[in-house]
Every structure is written in structure tokens, then in C-alpha cells.
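This structure is a prediction, so every number in the text was calculated from the model and none was measured.
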Amino acid sequence: MTAAERGLLLLCCPLGEADAQVLTMAQFRTLSVRAHAQTSRPADPLRELTARDVQALGYGADAAARIAGLLARERRLEEYLTAMHRHGFDAVTRISPAYPPAISEKMGMSAPPVLFTLGDQALLQRRCIALVGSRVLQASGRRFAETTGRLAAGEGYVLASGGANGADSAAQAACLASGGSVIVFTAGRLLDCAAHARVLYVSEGGCELPFSTPRALARNCLIHAMGEKTLVAQCAERTGGTWSGSQWNLRRGMSELYVFDDGSAASAALQSCGAERLPDIPASLALLRPFQLSIFDGKSDEKRKK
């Protein structure tokens, strides 16, 4: 880990301290730019900043004390990294080449400064298909999720999902059984995840953080950003994580969004918001293409409805 990455961890990661007032990625970038512009130190000018130095960069006294206090946590960082590595965990920072390009490019400054992992980080560089859906599935939704998992494995995609009961678990199990690989963005403690061949567990914020609704919602965003295409096996109408994550995706264009048309009002509602309709389980993930109305084909809209 480079000196710059350690500086980012100090400034942007709680390191197990619940009351740590860490910086956002955008705040870190601003500080880094100011520090590099006003110093001749070639390595990492952030690491040795005092509160007075930070004030000289244009920050008020309170903000300067906050930043200097974060940078002074070197001992805590060593303890945290030692404990993390003891459990087989690793960290990839936003300024590391190992950080998933799909997330950094799509989410920009809102991408998590640090991702904590258990498993093969190389999966973060692979092409991904994302699968989301309800925890309680109808039989058709389960078949859709399982087929998506098998197709991802067979077509060379990594499957990105959330590790929850229902759609997530069904798709992940099918993918692994077919020889594929899975990225699980967990909303719970990374400490509770068991190492598994061909599975990479990913958590933002820290290894020890427990499940919370805000973490689950943030995890859903990472799943949608990671996938080239995101498939919705089943959802509830206008409520729940699958719905909110899909709306976030549609507003920001994170990935092509497809919803299985199971005849439900929820599926129809998601289509009305812009999701692509899948009338049946796809024969191939690679061949999925968003519908585009041709100005030369007045019958295109009728074809889409069938």
C-alpha cells in the first residue's frame, strides 16, 4: 500500500472509530489538490500536515483540527490493518489501480473511498452482470434468478449481487454450481463472511460494520454500478431495496436495467419508469440490448408490447 493510499485511509475511513468525522472522497480530493499545489515534497504531502499547515491551505480552525486529528491516527491505522490482514481481509482504495473501474467511472466522487474485501480482488476487473430481486420469490422469479446465474457463468461474466435470501442467493448458487464467479456486496459485517472459492465479498466503510438500512441502500447502488447490465428477478412496487436501487440506476444511467415481466403490477411499474421488459428468461445475456424505437418502423412499439 502506497503512502498516498495510507493517507486516504487515515482521512476517509473510520478505522473502527464510531465517532470519526472522516472526509468524503470529494473533500479528500480538494485537500490533496491544495496540498500538492503548495508543497515541494514529492511523495505524499498530506501525511505530515499539522493543523497550522492545513489552515495555511485555506481551511478554518475547526476543519484544520479535524483533518490533522485524522492524519494523527497512524497507530490506529496499523492496528486496524494488522487485524484486517489477520482475518484474510484486504482494502482497495479509490486511488488504487485495483479499484473497480466500473464503479469509479460511473459513480465518480460518490464512489466509496475504500472497499474492504475477502477473496480474489481480480474479480473487480472482470466484466459483470448484476442480479437483484426480492427476498421472497415466486417460482418464476426463482427460475429467472437461477437461469441468470447459470448464463453469467457460461458466458464468462462475473455475477454481482447482494448475498441476501431470495433472488441474490438463488442466482449466486446457480452461478457457482455452473463454475462461475460471484462478487457479493454485503450490507453486513465482513467479519461474518466465510471465505469461498470464486467468491469475492466486498464491504464499504469497514470490516466490522453491522447491517443497517443505509448500508443496504448504499450496497444496492454498488451492485447496479458494477454490472454492465442489471437484471431484476422480482420486486415490490414502490417499496424495498430492489425498487429504490432500480430507481437510482434509472435516474443516473448506471447500467442497462431489465426487469422480468412476471405479470405483476410492480414489474409493470418499473417498466413505466424506464426499465426494459423481459417477457421471458433470456437465452443469452450478451445479446440483451435496450429497446430503441425506430423512426422508420411505426410498428416497433407494438412489437415491444408483445
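When every heavy atom of Cys235 is checked against every heavy atom of Ala266, the shortest pair comes out as O-CB, 3.1 Å. Of all the heavy atoms in Ala51 and Ala68, the pair that sits closest is N-CB, 3.6 Å. Leu278 and Tyr258 make their closest contact through CD1-CB, 3.6 Å (heavy atoms, listed as atom of the first residue, atom of the second, distance). Considering all non-hydrogen atoms of both residues, Ser284 and Leu287 come closest at OG-N, 3.4 Å. Shortest non-hydrogen contact noted between Glu146 and Ala170 is CG-O, 3.8 Å. Considering all non-hydrogen atoms of both residues, Ala152 and Leu285 come closest at N-CD1, 3.5 Å.
Atom-to-atom distance recorded for Leu10:CG and Ile67:CD1 is 12.5 Å, nearest 0.5 angstrom. One distance of note links NZ of Lys106 with NE2 of His224; it measures 11.0 Å at 0.5 Å rounding. Considering CG of Leu131 and NZ of Lys229, their distance stands at 14.0 Å, rounded to 0.5 Å. Atom OG of Ser255 is separated from atom CD1 of Ile129 by 9.0 Å, given to the nearest 0.5 angstrom. Note that OG of Ser181 and CZ of Arg126 are 5.0 Å apart. Values are rounded to the nearest 0.5 Å. Atom CG of residue Leu15 and atom CE of residue Met84 lie 9.5 Å apart, to the nearest 0.5 angstrom.
Between the Glu237 side chain and the Ala269 main chain, no donor and acceptor come within less than 3.5 Å of each other. Judged purely by atom type and a 3.5 angstrom limit, Gln234 uses its side chain to pair as donor or acceptor with the backbone of Gln138. Judged purely by atom type and a 3.5 angstrom limit, Arg94 has no side-chain atom pairing as donor or acceptor with the backbone of Met25. For the pair Gln21 (side chain) and Arg66 (backbone), a donor-acceptor distance under 3.5 Å is absent. Checking side-chain atoms of Glu5 against main-chain N and O of Ile95 turns up no donor-acceptor pair under 3.5 Å. Not one N or O on the side chain of Ser32 forms a donor-acceptor pair closer than 3.5 Å with the backbone of Phe28. Listed for the Asp168 side chain is no donor-acceptor partner under 3.5 Å among the backbone atoms of Ser161. Thr186 contributes a side-chain N or O that, together with a main-chain N or O of Gly188, makes up a donor-acceptor pair within less than 3.5 Å.
Partner Ser203 forms a side chain to side chain donor-acceptor pair (under 3.5 Å) with one of Glu208, Arg215, Arg219 and no other, that one being Arg215.
Placement of Val184 and Leu137 in two distinct hydrophobic clusters is found when ILVMFWY residues are connected by side-chain heavy-atom separations under 4.5 Å, directly or transitively. Hydrophobic cluster membership is shared by Val114 and Met1, with clusters built from Ile, Leu, Val, Met, Phe, Trp and Tyr side chains linked at under 4.5 angstrom. Taken together through direct or relayed side-chain contacts under 4.5 Å among Ile, Leu, Val, Met, Phe, Trp and Tyr, Leu77 and Leu8 form part of one hydrophobic cluster. Under the 4.5 Å side-chain heavy-atom criterion for Ile, Leu, Val, Met, Phe, Trp and Tyr, Val54 and Val33 are members of distinct hydrophobic clusters. Met109 and Val22 fall within the same hydrophobic cluster, where Ile, Leu, Val, Met, Phe, Trp and Tyr residues are linked whenever their side-chain heavy atoms come under 4.5 Å apart, directly or through other members.
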Could you walk me through whether Glu276 and Leu288 pass side-chain contact (heavy atoms from CB on, under 4.5 Å), step by step? CA-CA 10 Å; Glu276 296 291 329; Leu288 285 179; over 6 Å; no
Begin from the C-alpha positions of Glu74 and Arg6 and carry the test salt bridge (Lys or Arg N to Asp or Glu O under 4.0 Å) through to its verdict. CA-CA 9 Å; Glu74 284 280 2; Arg6 290 176 67 91; 3.4 Å; yes
Derivation of the salt bridge (Lys or Arg N to Asp or Glu O under 4.0 Å) call for Glu79 and Arg76: CA-CA 5 Å; Glu79 293 172 348; Arg76 178 57 188 161; 3.6 Å; yes
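With side-chain heavy atoms closer than 4.5 Å counting as contact, directly or through intermediates, the hydrophobic cluster containing Val259 also holds Val92, Tyr99, Ile103, Met107, Leu115, Leu123, Leu124, Val132, Val158, Ile183, Phe185, Leu200, Val202, Leu222, Ile223, Met226, Val232, Trp243, Trp248, Leu250, Met254, Leu257, Leu270. The hydrophobic cluster of Val136 has no other members, since no ILVMFWY side-chain heavy atom comes under 4.5 Å of it.
With contacts defined as side-chain heavy-atom distances shorter than 4.5 Å, the pair Cys13/Phe116 qualifies. Contact annotation: the side chain of Leu151 approaches that of Pro282 to within less than 4.5 Å [non-hydrogen atoms, C-beta and beyond]. At least one side-chain heavy atom of Glu228 sits under 4.5 Å from a side-chain heavy atom of Arg127. The closest side-chain heavy-atom distance from Thr230 to Glu256 is not below 4.5 Å.
For CZ of Arg52, the number of neighbouring non-hydrogen atoms (other residues, nucleotides, ligands) closer than 6.0 Å is 12 at most.
Residue pairs meeting the ring-ring contact (aromatic ring centres under 6.0 Å, His included) criterion with at least one partner in residues 127-173, sequence neighbours excluded, are Phe144-Phe260. Applying the side chain to side chain donor-acceptor pair (under 3.5 Å) test to pairs two or more places apart or on separate chains, those with a residue in residues 192-202 are Arg189-Asp192.
Between the side chains of Gln271 and Ser267, at least one donor N or O sits under 3.5 Å from an acceptor N or O. When only modelled atom types and interatomic distance are considered, Thr50 and Asp53 share a side-chain donor-acceptor pair under 3.5 Å.
Remark: Arg73 pairs with Glu17 by the salt bridge (Lys or Arg N to Asp or Glu O under 4.0 Å) rule, at least two apart or across chains. Listed by chain and number, the residues in a side chain to side chain donor-acceptor pair (under 3.5 Å) with Arg29 amount to none (sequence neighbours excluded).
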